[in-house]
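To keep things clear, I will list the structure first and then write my remarks on it.
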Number of protein chains: 2
Amino acid sequence: MSVSRSQLHPSFVKLFKEIVELTDDEFEMMLGHFNAFSIKKKEHYLKAGEVWWQVAAVNKGCFRTYSGDSDGKEHILYFAMEGWWIGDIESFHTGKPTNLYVQALEDCELLLMPKSSYDKLVVELPKYRDWYDQKVLKAYAAAIKRYSDFKSGSAEDRYNNLLSRQPQVLQRVPSKFIAAYLEIEPESLSRLRKKMYEK
Amino acid sequence: MSVSRSQLHPSFVKLFKEIVELTDDEFEMMLGHFNAFSIKKKEHYLKAGEVWWQVAAVNKGCFRTYSGDSDGKEHILYFAMEGWWIGDIESFHTGKPTNLYVQALEDCELLLMPKSSYDKLVVELPKYRDWYDQKVLKAYAAAIKRYSDFKSGSAEDRYNNLLSRQPQVLQRVPSKFIAAYLEIEPESLSRLRKKMYEK
């Protein structure tokens, strides 16, 4: 389903109009490559074994991205809300199947652009490519930070980092997933919350 | 100190001649921007608080990249050997101070290119930019993998992953750093090694 400007989350418009500085024509041209896609709570947008072939912006809702280990245990890598981009960039650029799962935690809407359009856009619209390259750099820096946080901090530090980076997570993500992200038991999360509340 | 072709590690030549497909002239032009820089075992190439302003390829030797937590404990993110690129890409592109440390584990040699040259090169030599963008994508994918490995696997899984990705690490990196990377005690690493050897 094609996308009209009125449907767009303000962060999407702000990004491309104010930060990437697309002209109105460029913005409309780019938007012409996107389609809106609805996905119900608990459904998966992406599963391990699939090849990911679309750029995907979260226009509405909240997702969790996770990997599964050989024992079937899930490990949450991050939560994504409005204004975030989701998917597996390695699968997108290599055509190899992903190891990741992306699941909707609410009724969600994505803005999707197929790789064939992306390939055209980075040539036709250098500002789009510049932005995309910057986005990958930022995503890379964020991945290093999460990895480093996870290695260096206590569960309390990780909780504080999550809180400062994505305060909305606490309202929108079920506790069991927050505990899973922190790799602690739900009871430990309750104790942490109580402790923070009493401070 | 400027760099002559005979000094270069074969992986560096192969990368730019065969993979990036630079012509001889393009290769020499790019090489003109690099300088060789020696660094003694145990010395730091980068420390938290510094701004990283150079592209850096490992021409000889082995490094560890680590972060420090508020308790002064070090957390090793990865080991880098010949053919790897080191530094803090976020600091490079934003001009903000890094949180990372990079230390030589052997007598090492780096090939360094200042950001001012990098900025020129990505404009003058589109093949260089294409390669750089691909490199960032791969580094991002590798960071996600390390983060995901670290979340999902046991110490034994992490050891096996390290072994399959960088077998040389076992010969070149002191056991205490391998144990630190796996976030286990040195005695647990000895047990793991014995177990693997008996398999």
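Chain letters run A, B, ... following the sequence lines, proteins first and then strands; every chain starts at 1. Since this is a predicted model, take the numbers as computed values, not measurements.
- Residue A/V51 is not grouped with residue A/L46 when hydrophobic side chains (ILVMFWY) are merged at heavy-atom distances under 4.5 angstrom, including chains of intermediate members.
- Around atom NZ of A/K195, no more than 12 heavy atoms belonging to other residues, nucleotides or ligands sit under 6.0 Å away.
- If you tally non-hydrogen atom pairs under 4.5 Å between each of B/Y66, B/Y147, B/Y78, B/F92 and chain A, the highest count goes to B/Y147.
- Across B/I144, B/D133, B/V136, the residue that shares the most heavy-atom pairs under 4.5 angstrom with chain A is B/D133.
- Minimum interatomic distance between A/Y140 and B/A139 (heavy atoms only, all atoms of both residues): CE1-O, 3.2 Å.
- Here the side chains of B/S148 and A/L77 are in contact, with some heavy-atom distance below 4.5 Å.
- Here the CZ atom belonging to B/R129 is positioned 4.0 Å from the CZ atom belonging to A/R129, to the nearest 0.5 angstrom.
- In terms of non-hydrogen atom pairs under 4.5 Å with chain A, the most contact-rich of B/I76, B/N99, B/L100 is B/I76.
- The contact list for residues 83-91 of chain A toward chain B, using heavy atoms and a distance under 4.5 Å, reads A/I89, A/E90 by residue number.
- When hydrophobic clusters are built by joining Ile, Leu, Val, Met, Phe, Trp and Tyr residues whose side-chain heavy atoms come closer than 4.5 Å, directly or via intermediates, A/W53 is not grouped with A/F37.
- With hydrophobic clusters built from ILVMFWY side chains whose heavy atoms lie under 4.5 angstrom apart, B/L112 shares a cluster with B/V13.
- Within a 6.0 Å sphere centred on NZ of B/K176, heavy atoms belonging to other residues, nucleotides or ligands number 12 at most.
- For chain A, no part of B/K138 is nearby; none of its heavy atoms comes within less than 4.5 Å.
- The local environment of CD in B/E185 is sparse, with at most 12 non-hydrogen atoms from other residues, nucleotides or ligands closer than 6.0 Å.
- The environment of CD in A/E124 is crowded: more than 12 heavy-atom neighbours from other residues, nucleotides or ligands sit within 6.0 Å.
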